[in-house]
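Comments concern the structure below.
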Amino acid sequence: MKKIEAIIRPHMLDAVRKALGDRISGMSITEIKGFGRQRGHSEVYRGNEYRIDFVPKIRMDIICKDGDVDALIQILMDSARTGKVGDGKIFVYDVAQAVRVRTGERGADVI
Amino acid sequence: MKKIEAIIRPHMLDAVRKALGDRISGMSITEIKGFGRQRGHSEVYRGNEYRIDFVPKIRMDIICKDGDVDALIQILMDSARTGKVGDGKIFVYDVAQAVRVRTGERGADVI
Amino acid sequence: MKKIEAIIRPHMLDAVRKALGDRISGMSITEIKGFGRQRGHSEVYRGNEYRIDFVPKIRMDIICKDGDVDALIQILMDSARTGKVGDGKIFVYDVAQAVRVRTGERGADVI
Amino acid sequence: MNTPVLNSGDTAWMLISTALVIFMIPGLAMFYGGLTRSKNILGTMMHSFIAMGVILLQWVAFGYSLAFTDGGSWVGGFDAIFLRGIGPDSLHGSIPTFVFIAFQGAFACITPALISGAIAERVRFRSYVLFILLWSTFVYDPVCHWVWQNHGFLFKQGVIDFAGGIVVHLTSGISALIACLLLGRRADLDKGIIPHNVVFVVLGTGILWFGWFGFNAGSALASNGLASLALLNTFVGPAAGLCTWITLEKLILKKPSTLGAATGAIAGLATVTPAAGSVMPVEAMLLAALTTVVCYFFVSHKSRLNVDDSLDAFGVHGIAGILGPIGCGLFASYGYNSIFHHQSMSALNGTSQLLLQIKAVAVVAVYSAVVTAILVLALRKFTGFRVSREQEEQGLDLSLHGERAYN
Amino acid sequence: MNTPVLNSGDTAWMLISTALVIFMIPGLAMFYGGLTRSKNILGTMMHSFIAMGVILLQWVAFGYSLAFTDGGSWVGGFDAIFLRGIGPDSLHGSIPTFVFIAFQGAFACITPALISGAIAERVRFRSYVLFILLWSTFVYDPVCHWVWQNHGFLFKQGVIDFAGGIVVHLTSGISALIACLLLGRRADLDKGIIPHNVVFVVLGTGILWFGWFGFNAGSALASNGLASLALLNTFVGPAAGLCTWITLEKLILKKPSTLGAATGAIAGLATVTPAAGSVMPVEAMLLAALTTVVCYFFVSHKSRLNVDDSLDAFGVHGIAGILGPIGCGLFASYGYNSIFHHQSMSALNGTSQLLLQIKAVAVVAVYSAVVTAILVLALRKFTGFRVSREQEEQGLDLSLHGERAYN
Amino acid sequence: MNTPVLNSGDTAWMLISTALVIFMIPGLAMFYGGLTRSKNILGTMMHSFIAMGVILLQWVAFGYSLAFTDGGSWVGGFDAIFLRGIGPDSLHGSIPTFVFIAFQGAFACITPALISGAIAERVRFRSYVLFILLWSTFVYDPVCHWVWQNHGFLFKQGVIDFAGGIVVHLTSGISALIACLLLGRRADLDKGIIPHNVVFVVLGTGILWFGWFGFNAGSALASNGLASLALLNTFVGPAAGLCTWITLEKLILKKPSTLGAATGAIAGLATVTPAAGSVMPVEAMLLAALTTVVCYFFVSHKSRLNVDDSLDAFGVHGIAGILGPIGCGLFASYGYNSIFHHQSMSALNGTSQLLLQIKAVAVVAVYSAVVTAILVLALRKFTGFRVSREQEEQGLDLSLHGERAYN
Ligand SMILES: Nc1ncnc2c1ncn2[C@@H]1O[C@H](COP(=O)(O)OP(=O)(O)O)[C@@H](O)[C@H]1O
Ligand SMILES: Nc1ncnc2c1ncn2[C@@H]1O[C@H](COP(=O)(O)OP(=O)(O)O)[C@@H](O)[C@H]1O
Ligand SMILES: Nc1ncnc2c1ncn2[C@@H]1O[C@H](COP(=O)(O)OP(=O)(O)O)[C@@H](O)[C@H]1O
């Protein structure tokens, strides 16, 4: 099993989830803040300027079977891309074990 | 070392933490939103219905020694289970290294 | 590639980011709550005391080349340390793959 | 007060006083809402808002008539149902009857809403609405008649309740206690439930305090020295309550808290309500300070009792509703009362007034408790009063109202 | 009202009524702001606040003069630009002219701000400011003159619009509809846009309701029985609206919501506005309840129309602005109107009043629609009215105002 | 004003004005609280709320007596400690003395609370409470006597300070500057501290503006043309300030901000305070606009100074407290002042008034600065004034008050 960690733009979440459709049976999302090539913005309070480096992003965690990784990455790329800096990154990790709390099942059937 | 990532129902947090007791010396929790077999809910604003697919969940990250994994998973399962869809999942990963910032110690002693 | 997961005190974020400077080209941060040796605090509402065990922490995720890990850990330790319990931990994981959404590039060039 | 000529100054003050009292409802909604967990804030705010809806309709339909038409010693009649016979030219003393109806209607709305604090985060909306409707009809309207209508038996005996220590705080506080006793504790109480937004609580306190000037000083039903005294007392009383509470916190816990300041201010306000027109500012401060001490010790030790008065409706309003009116009697003296109170009672003296106040408190407390118990038990039986365990877990906002406060 | 002697009670009531109406602006800002997404709340609040800035300056410069000096049947003159000739001793009936100017100025500020609800989350700030300035000048000021100045042609015909059903809610509601039709839908509408903070909406409702007592009862321009009636109607109308809306929700959706309660209250308030001084409380309740039913069905089915009235400015204010004034005519009868309305119209009867009300609504609706369409199209062409797609995505707070609400 | 007959209209206006001024305290708490970081909001709100507690007790105990009994040119006497000798029938002009005491007491509470903005997020609660108590006694009460009591030396010379430009804004603004200079900067200032909730700031502004109508128009102490003028000026002044600030932002930064609108409105309000009853609306607008320009440039360049006036107490109130009263003198002319001001000064002319205003500003500024410096240094020495570095890091809410705002 693998874990796909996709960091995407918040407003693409809806489109990505739709694109993934039934290809996945579950995922978890976290609101994070990212720092990278995409520059932040500046805000002005009472005439004083403040630089905000961190950009809001969504992190999507999908645990999937080894064989699904490439297909899912393709879908993620197609649906999350706008072509501008800041589209995000996808990282893949090995998963050693998976357990379903409700049933105690283990392994790839869980996901 | 292993990382146990347990996705549980928010209101079970208290019970799980109590059950873990002294078996662990630390953990980190993140508020996430999950999508899975458990269906979300619908909300109605001014007579218009909106489907909310994502369900609030807590993710608990515990880094532990290899030998503790099974015992901890058992405790997690026992204390987080309600028996209904949405109880959550536990994923296990390998940890390559651990460092304590304060002391610079490395390895399994850190946790 | 490796993923460095650093759990630090929230108010050290600024200093750590400055210390990392150009050594990294990106990172993601998440607001988490930690439980460990550092004790939480108690709050009092209308004369009744409540123990709060969880302490706010920042988790910093940095994906980097294998060779950069040690140097980055050193910088993190130097800049995040206050010497008091609760300074946090650094965990390192293997990364199986990395993809840049915008371009489709893969591997270490992505980061 | 009996010459039937409209006074535009008195009317202006009563118009705005009415608006101020109504504004207390959103204040209470913020106050109570901030004290709950985020999953229940809307349901809790709704408990206050809905009172402004249904109770007002009840008030116009028959509540006003029950409370304020002549009737007998125990309850008014049906002469003014649907406000019949009342027109824009009708006067109540020097003010139009319409503004009197609205002013008293606002009191009728806020009183049952106070009760909701004791049973927050766990009751069915439907049952709550039925409860407050019945409670208004069988508790508030009669007690209001007893104390404030000149045929009411307590009024005739000369009980002092300037702006509603007995009519408002005692009735709601005692009923709150009974209701939460009968409905039981919240499921997660032992895990520790803490306020999710103290800013809202403080803002709510500010709005309540502001509205309370209308509540107390408006109870003079005129724009004069008595109203001014009541206004000043509504300023110094909560100031004393606030200082007392945080001083106790400082002494006992080392940390004076904002929530404590807010709670002390509300305790002071509730205490000063019955006395606002009957004691001088220095006495008002004393009375508020002493009552706040009792509230503090009750509230901070309530975990030892097996009661889950979620937002301290009894702990604050109930206790103030007992001690405020009794304190009034205590501070009553020939001099003061002859100036401030019903002119006809110039011979009133302290001791007899004190006994009368105690009697009134006891009678109203027992009556409120009994009727509330009957209503709660009946509703629990016939419609169910508590939500299911699952709904409680999910939160009332989503499970009962289909919405969430924050998105 | 014609004896030029200052009445201190009337003046007191108008002073506070003015303050109450102005307080509606932050109430509206909270109400609208809570309904938007968090990235747009400040931009949305700004739409209300800026009206209090620029429209008031326009009002002092020439708006008041256009609306309230004699002029002709269609519009006032320039006699009072920059308030020249008016001093602290000038009187308007029994109150100082200065407080009349301030009171009416507050109405002038809030009316265009209501429109902003229909075009929230997508318009350029600059264009919005120009729009409300022009709209006030070409729609609000003239219509105000028609209906409320004694040379206005609708006033002369005897139209009833006690506190602004036509002048305020109809003009702004219709203009809101036209503006959102012409400006198009928000980009993310299909993804489902839900209110980001319902607590703010409820608090905003509370503030609006509170302020509305000044709005309606202040429209009596005196502190008397008429003001008291208007106040009471401003209490019972929204109570009926509130109960109606949540009853419908309970029946149709099973879940009565807090947002529904708030929306029903606002619908009731808007409905009762033109009628506040012309109908008795029971009729006010009926009128509010019926109008709320229409609002409910319109708003809950709006997704079927191709209109994005973001915060239901038309769905609530527009519909209430149509049905309220017409309802006034419907309830108009010899008895009531001879008591409540212009003394000169004692012979007025129901049917002719009803027709007059319908005519007034039609004329004002068409006029508002046409002028708004011209203004929106012209501004769209010359300055651009909508923000870019990217700005809409980022949110107005950051892209237009360089700030974020929550940090 | 000297005939000792109660006027119910005047009284009604003063009753509600008092409530309005008190409502400014929660407004200020929201305004200041929203500007801080979330870990300090409760501590910051507490700074405002506690003033309503302790200062009011001081006011009743001896503050009122020091400020408003005859005494000498420099300070009042002890005739009215604990309000002795004053009853519900006592009159101050046409209003009950009790309402005058409450009205002025509200001023006494809000003035020291304004200072807290300059030293937010870093001071010990205990020391703050001691500070405001001493400051009220040694700065506010005497200055109030100088300017507003008819034995006060500035009053006797004919200084114009209608509603407290000198007494309120100048004293608190200058003291704010001195206090933050002496107490030093916040630890994290260089990292950039931005407001954590701008919605609260905007809501706070709305509440402040609303309350300010009571503050300014209530200062007429009657319900008449003068009050109406003051009310209108309190509407146009902040409107001008608001428009000025965002116009500057638009020109300089391209982005007009909501926070800027709020700040401009407050600057306009503070400026118009001393002038509210002495200038006509057009002049009030000019005065507010010009002062706002100065505030803007000061506040937006403050990072170049080595001062950490956290929430711009000096930058807004201090500057307005200097320019407002001086502007009053500038706009003072035979015609206006003879109408508006002390009848006895009909011969007053512009230049001499201007010099007098400047003198009064200078004297009060120096006095406030010196006394504040002594108090701050003494408290720093004896009780410690700043929290520890660790407490500052953790936030005042948790470290001083044992609570958190949001859970
Ligand atoms: N080395 C990294 N480690 C962890 N997260 C990263 C790293 N680089 C980028 N990210 C995440 O990816 C997001 C997008 O990266 P960015 O460089 O802005 O654009 P792009 O992905 O288009 O090159 C960042 O905001 C950050 O959250
Ligand atoms: N494939 C997956 N990848 C990541 N997270 C998942 C995955 N499947 C489920 N989850 C997480 O587990 C939670 C519970 O899963 P769900 O299917 O609803 O119930 P159950 O665990 O009882 O089968 C989800 O809300 C989601 O957060
Ligand atoms: N075993 C663990 N697994 C996951 N996170 C941990 C673990 N131990 C500690 N942490 C995280 O590290 C933080 C700091 O740890 P703590 O024991 O308080 O201090 P220190 O790192 O100085 O020993 C905790 O708040 C928690 O977030």
Side-chain angles (χ1 to χ4, degrees), chain D residues 7-13 16-17 20 37-38 94 194-199 202-203 205-207 209-211 213-214 217 222-229 231-232 235-236 238-243 246 249-250 253-262 264-265 277 280-282 285 339-340, chain F residues 6-16 18-20 22-23 25-27 29-30 33 41-43 45-46 49-50 52-57 60 82-83 87-91 95-102 105-106 109 125-126 197 200 203 207 223 397 400-407:
Chain D
N7 177 310
S8 68
D10 292 348
T11 303
W13 175 235
I16 181 60
S17 287
L20 285 171
R37 287 164 293 175
S38 60
S94 62
I194 57 180
H196 90 285
N197 195 320
V198 182
V199 178
V202 179
L203 176 61
T205 305
I207 295 177
W209 194 336
F210 176 55
F213 289 113
S223 166
N224 55 19
L226 182 59
S228 301
L229 172 67
L231 185 99
L232 184 55
F235 197 176
V236 301
L242 190 163
C243 291
I246 62 169
E249 283 187 330
K250 178 78 194 169
L253 305 161
K254 303 278 169 300
K255 299 191 176 177
S257 73
T258 315
L259 183 60
M280 295 291 272
V282 175
M285 280 157 57
I339 297 175
F340 301 137
Chain F
L6 184 138
N7 177 309
S8 68
D10 292 348
T11 303
W13 175 235
M14 292 316 296
L15 288 167
I16 181 59
T18 303
L20 285 171
I22 295 168
F23 195 40
I25 299 267
M30 294 302 283
I41 181 169
L42 296 181
M45 296 182 82
M46 192 71 159
F49 258 83
I50 190 65
M52 195 142 67
V54 296
I55 301 300
L56 194 75
L57 301 189
V60 167
F82 289 101
L83 310 186
D89 296 329
S90 313
L91 291 185
I95 58 171
T97 308
F98 276 149
V99 73
F100 179 76
I101 294 169
C109 290
F125 183 62
R126 188 175 42 171
N197 195 320
F200 289 171
L203 176 61
I207 294 177
S223 167
D397 295 3
L400 299 189
H401 304 293
E403 57 193 346
R404 278 171 309 145
Y406 313 111
N407 290 301

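Only this structure's heavy atoms are used, side chains among them; waters, hydrogens and symmetry mates stay out. The structure displayed is predicted, hence computed values, not measured ones.
Only the side chain of D:Pro281 comes within less than 4.5 Å of a heavy atom of chain F; its backbone N, CA, C and O stay farther away. Looking at D:Val282, only its side chain comes within 4.5 Å of chain F, counting heavy atoms on both sides. When heavy atoms are compared at a cutoff of 4.5 Å, F:Ile95 does not approach chain D at all. For a residue to count as touching a neighbouring chain, one of its non-hydrogen atoms must lie under 4.5 Å from one of that chain's; by this rule F:Ala29 does not touch chain D. Within the 4.5 angstrom heavy-atom criterion, only side-chain atoms of D:Ile16, from C-beta onward, approach chain F. With a threshold of 4.5 angstrom between heavy atoms, D:Asn197 approaches chain F through its backbone and through its side chain. Interface remark: D:Ile207 contributes backbone and side-chain atoms alike to the contact with chain F (heavy atom separation under 4.5 Å). Within the 4.5 angstrom heavy-atom criterion, atoms from both the backbone and the side chain of F:Leu42 approach chain D. Both the backbone and the side chain of F:Met52 come within less than 4.5 Å of a heavy atom of chain D.
When each of D:Leu231, D:Leu242, D:Leu20 is checked for heavy-atom pairs under 4.5 Å with chain F, D:Leu231 comes out on top. Here F:Thr11 is the residue among F:Ile55, F:Thr11, F:Val54, F:Val99 with the most heavy-atom pairs under 4.5 Å with chain D. Of the residues considered (F:Phe82, F:Phe100, F:Phe49), F:Phe49 shows the highest number of contacts with chain D, using heavy-atom pairs under 4.5 Å. Counting heavy-atom pairs closer than 4.5 Å to chain D, the top-ranked of the candidates F:Pro96, F:Gly9, F:Gly33, F:Gly27 is F:Pro96. Of the residues considered (F:Asp10, F:Leu203, F:Leu57), F:Leu57 shows the highest number of contacts with chain D, using heavy-atom pairs under 4.5 Å. Between chain F and the options D:Val198, D:Thr258, D:Val202, D:Leu232, the largest number of non-hydrogen pairs under 4.5 Å is found for D:Thr258. The choice from F:Ile101, F:Leu15, F:Thr97 that makes the most heavy-atom pairs within less than 4.5 Å of chain D is F:Leu15. Looking only at heavy-atom pairs under 4.5 Å with chain F, the residue among D:Cys243, D:Pro256, D:Ala12 that has the most is D:Pro256.
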* Asked: Under the side chain to side chain contact (heavy atoms under 4.5 Å, CB included) criterion, do F:Leu400 and D:Lys255 qualify, and how do the steps go?
  -> CA-CA 6 Å; F:Leu400 299 189; D:Lys255 299 191 176 177; over 6 Å; no

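Note: D:Ser228 OG to F:Met14 CE = 9.5 Å, rounded to the nearest 0.5 Å.
Looking only at side-chain heavy atoms (C-beta outward), D:Ile246 and F:Ile50 come within less than 4.5 Å of each other. Two residues are said to be in side-chain contact when any heavy atoms from C-beta on lie closer than 4.5 Å; D:Phe213 and F:Thr18 fail this criterion. Counting heavy atoms from C-beta on, the side chains of F:Leu83 and D:Met280 never come closer than 4.5 Å.
Remark: F:Phe125 engages F:His401 in a ring-ring contact (aromatic ring centres under 6.0 Å, His included) (not counting sequence neighbours). Not counting sequence neighbours, the partners of F:Phe23 by the ring-ring contact (aromatic ring centres under 6.0 Å, His included) test are D:Phe210.
Contact detail for D:Gly206 and F:Pro26: the closest heavy-atom pair is CA-CG, 3.6 Å. Of all heavy-atom pairs between D:Met285 and F:Val60, the closest is SD-CG1, 3.9 Å. Listed here is the closest heavy atom pair of F:Glu403 and D:Leu259: OE1-N, 3.2 Å. Minimum heavy-atom separation, F:Ala102 to D:Phe235: O-CE1, 3.5 Å.
With F:Asn407 contributing its side chain and D:Pro195 its backbone, the two residues share a donor-acceptor pair below 3.5 Å.
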